[in-house]
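Note sheet for the following structure.
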Amino acid sequence: MVWSVLALLLVVELLAWASYGVLGWTWSPAWLWVWLLPLLVVTLWALTASPRARWRGAVLTPLVKVLVLTGAVVSLLVTGHPVAGAALAVLVVVTHLAARHPDVRAQLAAAGDRSRVHS
């Protein structure tokens, strides 16, 4: 179950980043923003919200995650993709609720302890 939840979390992140590419395509010049906007979001995520982020924090990490994921849903809605935006919103909520399950959290904590020993 843990690996399924982790895979879904990865899919949610990838879809969120792609939605910023959709938003970038609507800005001028599209050829620049279609890759620059997702790159900026991925960089922000890597520095603050990823498991090995340099600036993880009890407030900063959840705040960045909420802002990025909410922005992804909103970007789909404002670019004329309401079904995709709603589907992403549901997927974000369901996946993050599944990640809060006690069994999943315990196995993730154990896996995190093992990875710290090997790194």
Side-chain angles (χ1 to χ4, degrees):
M1 180 170 142
V2 173
W3 295 110
S4 299
V5 172
L6 286 175
L8 284 174
L9 287 170
L10 176 64
V11 167
V12 164
E13 291 172 16
L14 294 173
L15 289 172
W17 300 336
S19 71
Y20 285 98
V22 171
L23 179 62
W25 186 253
T26 64
W27 293 356
S28 181
W31 62 268
L32 175 66
W33 289 109
V34 74
W35 63 269
L36 185 60
L37 191 57
L39 182 63
L40 293 171
V41 172
V42 168
T43 302
L44 174 67
W45 189 276
L47 292 173
T48 59
S50 71
R52 294 186 182 196
R54 180 173 298 206
W55 296 301
R56 284 185 67 85
V59 174
L60 182 63
T61 298
L63 178 66
V64 168
K65 287 183 177 185
V66 167
L67 289 175
V68 167
L69 295 172
T70 302
V73 170
V74 169
S75 71
L76 288 172
L77 295 176
V78 300
T79 56
H81 299 85
V83 174
L88 180 60
V90 169
L91 189 59
V92 165
V93 170
V94 169
T95 304
H96 282 82
L97 285 176
R100 301 216 29 99
H101 190 275
D103 293 341
V104 173
R105 291 176 66 97
Q107 289 188 2
L108 287 176
D113 291 340
R114 285 192 301 270
S115 71
R116 282 189 215 113
V117 169
H118 298 301
S119 55

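Everything numeric in this text was worked out from a predicted model, so none of it was measured.
- Placement of Leu32 and Leu23 within a single hydrophobic cluster is found when ILVMFWY residues are connected by side-chain heavy-atom separations under 4.5 Å, directly or transitively.
- Tracing side-chain contacts under 4.5 Å through hydrophobic residues (I, L, V, M, F, W, Y), one never reaches Val66 starting from Leu15; they form parts of separate clusters.
- Here the OG-CG distance, from Ser50 to Leu44, works out to 10.5 Å after rounding to the nearest 0.5 Å.
- Leu9 approaches Ala99 most closely through the heavy-atom pair CD1-CB, 4.1 Å.
- Residues Tyr20 and Val68 meet the side-chain proximity criterion, which asks for heavy atoms closer than 4.5 Å.
- One finds the CH2 atom of Trp33 at 11.0 Å from the OG1 atom of Thr26 (value rounded to the nearest 0.5 Å).
- Looking at Val93 and Val90, their side chains never come closer than 4.5 Å, going by heavy atoms from C-beta outward.
- Of the listed residues (Val59, Leu69, Thr48), just one forms a side chain to side chain contact (heavy atoms under 4.5 Å, CB included) with Val64, and that residue is Thr48.
- Atom CG in Leu8 sits 11.5 Å away from atom CD in Glu13 (nearest 0.5 Å).
- For the side chain to side chain contact (heavy atoms under 4.5 Å, CB included) criterion with Trp17, the lone passing option out of Leu37, Leu39, Val12, Val41 is Val41.
- A donor-acceptor pair under 3.5 Å is formed between the side chain of Arg56 and the backbone N or O of Ala49.
- Considering every non-hydrogen atom in both Val2 and Val104, the closest pair reads CG2-CA, 4.0 Å.
- Annotation for Ser19 and Ala72: closest pair OG-CB, 3.0 Å, computed over non-hydrogen atoms.
- A continuous path of hydrophobic side-chain contacts links Val11 to Val92 [ILVMFWY only; heavy atoms under 4.5 Å].
- Although no hydrogens or angles enter the test, the distance criterion places a donor-acceptor pair under 3.5 Å between the side chain of Thr79 and the main chain of Leu76.
- Taken together through direct or relayed side-chain contacts under 4.5 Å among Ile, Leu, Val, Met, Phe, Trp and Tyr, Leu40 and Leu67 form parts of separate hydrophobic clusters.
- Taking CH2 from Trp31 and CG from Leu36, the interatomic distance works out to 9.5 Å, rounded to the nearest 0.5 Å.
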